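All remarks here apply to the structure that follows.
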2 protein chains.
Amino acid sequence: MHEGAQNFLRLWQSVVDDRDAKGIEQLLADDISMGAPPYWNRIDGKETVGYLLGIISETIVNFTYHRTWVDERELALEFTGQVGDCELQGIDLITIDDTGLITRLDVMIRPENALAALRECVAPRMLEFFERRNE
Amino acid sequence: MHEGAQNFLRLWQSVVDDRDAKGIEQLLADDISMGAPPYWNRIDGKETVGYLLGIISETIVNFTYHRTWVDERELALEFTGQVGDCELQGIDLITIDDTGLITRLDVMIRPENALAALRECVAPRMLEFFERRNE
């Protein structure tokens with residue numbers, strides 16, 4: 001396995017397991033671009049994506065990684081968890097740069113009710129975040 | 001790359017590119033289990049999954065594979081396409097058996113409006129399929 005990817009994977013799984021929002025943010029490149037599950041338009045920048053990932057990691061309980069694929073600096077990480085009463089399965093598609101930071105992250109989850117439940121929990125808190133930032 | 005996986009990948013991308021429903025079905029194990037994007041409950045069996053994949057391949061236009069990951073008999077295939085006015089990105093998580101047939105397939109797509117549009121196109125046709133089969 002690509003050494004940078006191997007180091008990244010160990011760090012990433014550790015901060016995600018610990019729900020360590022600060023540690024998660026430290027693994028994001030300044031210009032990270034994220035494709036979130038509900039929306040087509042991308043969310044950009046370390047501060048915003050870091051905040052969003054912090055909320056998501058608080059919202060999905062029993063978050064567990066399963067199969068992982070690594071091809072050079074491209075990774076695919078399968079996970080399962082629950083939002084409220086909804087079981088979910090998802091994937092993180094991750095691109096890391098040559099310093100081991102995430103430059104691109106796309107997240108997809110199934111089924112539809114879990115996706116809607118996640119959005120309903122996360123969207124109001126992101127709206128507050130944007131409103132605070134614009135004050 | 002695992003030789004069986006390499007052969008499978010070449011065949012699979014060919015039948016999907018050609019929207020060859022019969023060719024797709026021939027790459028499914030009899031006891032295939034599929035996790036479809038909208039539902040948590042799985043869809044089982046070659047006939048049902050083959051029919052569903054045929055409908056999905058007719059419904060998603062401009063279907064294109066991008067990044068692919070292979071780890072022994074586990075594959076992750078990223079794709080993009082459109083349903084109606086909705087752009088979509090998705091992933092096929094595939095397990096093949098030692099004869100190169102799919103035993104497990106999980107499909108996740110984003111964003112939410114594309115997932116809903118896909119379900120709205122596919123669900124009525126699957127309902128007809130189940131009704132016909134039960135006549």
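Chain identifiers are assigned alphabetically (A, B, ...) following the order of the sequence lines, protein sequences preceding nucleic acid strands; residue numbering begins at 1 within each chain. In this text the structure is predicted, and so the values were computed from the model without any measurement.
Between B:Trp69 and B:Leu77, the closest side-chain pair of non-hydrogen atoms is not below 4.5 Å. B:Met34 is not listed as a side-chain neighbour of B:Leu28, based on a closest heavy-atom distance of 4.5 Å or more.
Scanning residues 39-60 of chain A against chain B with a 4.5 Å heavy-atom cutoff picks out A:Tyr39, A:Trp40, A:Arg42, ordered by number.
Put simply, CZ on A:Arg67 and CD on A:Glu78 are 4.0 Å apart, with the number rounded to the nearest 0.5 Å. Note: A:Arg73 CZ to A:Ile96 CD1 = 7.0 Å, rounded to the nearest 0.5 Å. In this structure, SG on A:Cys86 lies 10.0 Å from CG on A:Leu118, to the nearest 0.5 angstrom. Residue B:Ile94 holds its CD1 atom at 12.0 Å from CG of B:Leu101, rounded to the nearest 0.5 Å.
Interface summary for chain A: among B:Leu93, B:Val107, B:Asp71, the most heavy-atom pairs under 4.5 angstrom belong to B:Leu93. With respect to chain A, the highest number of heavy-atom pairs below 4.5 Å among B:Ala116, B:Pro38, B:Ala36, B:Pro111 belongs to B:Pro111.
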Original post:
Does the pair A:Asp106 and B:Gln89 meet the rule for a side chain to side chain contact (heavy atoms under 4.5 Å, CB included), with working shown?
Top reply: CA-CA 9 Å; A:Asp106 297 306; B:Gln89 176 188 21; 3.2 Å; yes
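For chain B, no part of A:Ala114 is nearby; none of its heavy atoms comes within less than 4.5 Å. Both the backbone and the side chain of A:Ile91 come within contact range of chain B, each with at least one heavy atom under 4.5 Å from a heavy atom of that chain.
Between B:Tyr65 and B:Phe63, the two ring planes are perpendicular [angle over 60°; tilted spans 30° to 60°].
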